Protein chains: 2
Amino acid sequence: MAELPLAPVKRIIKQAGAHRVSEDAVEELRDEVEDFAEERARDANDLAGHAGRKTVQADDVKASR
Amino acid sequence: MAELPLAPVKRIIKQAGAHRVSEDAVEELRDEVEDFAEERARDANDLAGHAGRKTVQADDVKASR
């Protein structure tokens with residue numbers, strides 16, 4: 001399920017130096033970025049549970065690297 | 001520079017099964033996701049240039065893996 005909006009992803013590609021960006025490139029990067037975020041979020045959630053907490057904290061995200 | 005909004009990142013963490021999420025965890029994941037996006041965007045842009053194009057296409061994003 002796509003949560004992240006396309007406009008900021010397009011800005012990131014433009015800021016990387018792109019002259020022009022196709023819309024399917026923006027959608028592809030959005031989807032891949034979202035997969036990355038989901039994987040890190042699952043790991044962070046597991047680490048919070050492992051630490052006996054119900055709240056995911058920044059340290060859980062950092063440790064999920 | 002933060003481009004990605006926090007709300008969808010928070011939803012992604014909640015959908016990963018988190019009971020609660022601290023705001024600093026959301027900001028940490030947003031920052032890391034943005035770093036990931038920037039790196040992939042730079043690589044995709046380089047690959048488009050390498051292919052003699054000025055338009056970044058989905059294949060450039062895929063090949064930047």
Side-chain angles (χ1 to χ4, degrees):
Chain A
M1 193 70 74
E3 289 288 348
L4 297 172
L6 293 170
V9 174
K10 186 172 185 175
R11 284 196 296 273
I12 289 168
I13 302 176
K14 296 282 277 186
Q15 286 166 9
H19 294 268
R20 288 189 298 269
V21 188
S22 74
E23 282 310 302
D24 62 347
V26 179
E27 289 173 15
E28 175 67 26
L29 185 55
R30 190 269 309 276
D31 291 348
E32 293 189 21
V33 163
E34 188 138 335
D35 287 346
F36 172 84
E38 288 172 356
E39 191 175 317
R40 294 293 302 272
R42 282 193 297 271
D43 287 350
N45 187 45
D46 289 346
L47 287 167
H50 184 74
R53 282 183 275 97
K54 290 194 171 186
T55 302
V56 175
Q57 298 177 348
D59 281 348
D60 299 318
V61 176
K62 290 177 188 171
S64 74
R65 274 173 196 166
Chain B
M1 193 70 73
E3 289 288 348
L4 298 171
L6 293 170
V9 174
K10 185 171 186 174
R11 285 196 295 274
I12 289 169
I13 302 176
K14 297 282 276 183
Q15 287 165 7
H19 295 268
R20 288 189 299 269
V21 187
S22 74
E23 283 309 303
D24 63 347
V26 179
E27 290 174 14
E28 176 66 26
L29 186 55
R30 190 268 309 274
D31 290 349
E32 293 189 21
V33 164
E34 188 139 337
D35 287 346
F36 172 84
E38 288 172 358
E39 192 175 318
R40 294 293 301 273
R42 281 192 298 271
D43 287 350
N45 187 47
D46 288 346
L47 288 167
H50 183 74
R53 282 184 277 95
K54 290 195 170 186
T55 302
V56 175
Q57 298 177 348
D59 281 348
D60 299 317
V61 176
K62 290 177 187 170
S64 74
R65 273 176 195 163

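All chains are named by letter (A, B, ...) in the order of the sequence lines, taking the proteins before the strands, and each is independently numbered beginning at 1. These numbers were taken from a predicted model, which means no experiment stands behind them. Computed from heavy atoms alone, side chains included, the values below leave out hydrogens, waters and symmetry copies.
The candidate from Arg40(A), Arg53(A), Glu27(A), Glu39(A) with the greatest count of non-hydrogen atom pairs under 4.5 Å with chain B is Arg40(A). Comparing Pro5(B), Ala25(B), Ala7(B) by heavy-atom pairs within less than 4.5 Å of chain A, the highest count is held by Ala25(B). When Ala16(A), Ser64(A), Ala58(A), Pro8(A) are compared by the number of non-hydrogen pairs under 4.5 Å with chain B, Ala58(A) comes out ahead. The candidate from Ala48(B), Ser22(B), Gly17(B) with the greatest count of non-hydrogen atom pairs under 4.5 Å with chain A is Ser22(B). Interface remark: of the candidates Val9(B), Ile13(B), Asp59(B), Ile13(B) forms the most heavy-atom pairs closer than 4.5 Å to chain A. Ranked by heavy-atom pairs under 4.5 Å with chain A, the first of Arg42(B), Arg30(B), Lys62(B) is Lys62(B).
Thr55(B) is not listed as a side-chain neighbour of His19(A), based on a closest heavy-atom distance of 4.5 Å or more. Here the side chains of Asp60(B) and His50(B) are not in contact, with every heavy-atom distance at 4.5 Å or above. The closest side-chain heavy-atom distance from Ile12(A) to Leu4(B) is below 4.5 Å.
Classification of Glu23(A) and Lys10(A) as a salt-bridged pair holds, one side-chain N sitting under 4.0 Å from a carboxylate O.
For a residue to count as touching a neighbouring chain, one of its non-hydrogen atoms must lie under 4.5 Å from one of that chain's; by this rule Asp24(A) touches chain B with backbone and side chain alike. Heavy-atom distances place both the backbone and the side chain of Ala37(A) under 4.5 Å from chain B. In this structure, the portion of Arg11(A) lying under 4.5 Å from any heavy atom of chain B is its side chain and not its backbone. Interface remark: Lys14(B) contributes no atoms to any contact with chain A (heavy atom separation under 4.5 Å).
Using a 3.5 Å distance cut-off with no hydrogens or angles, the side chains of Glu38(A) and Gln15(B) do not pair a donor with an acceptor. Glu28(B) and Gln57(A) form no side-chain donor-acceptor contact under 3.5 Å, judged by distance and modelled atom types alone.
Remark: side-chain polar atoms of Arg20(B) are not paired, donor with acceptor, to backbone N or O of Val56(A) under 3.5 angstrom.
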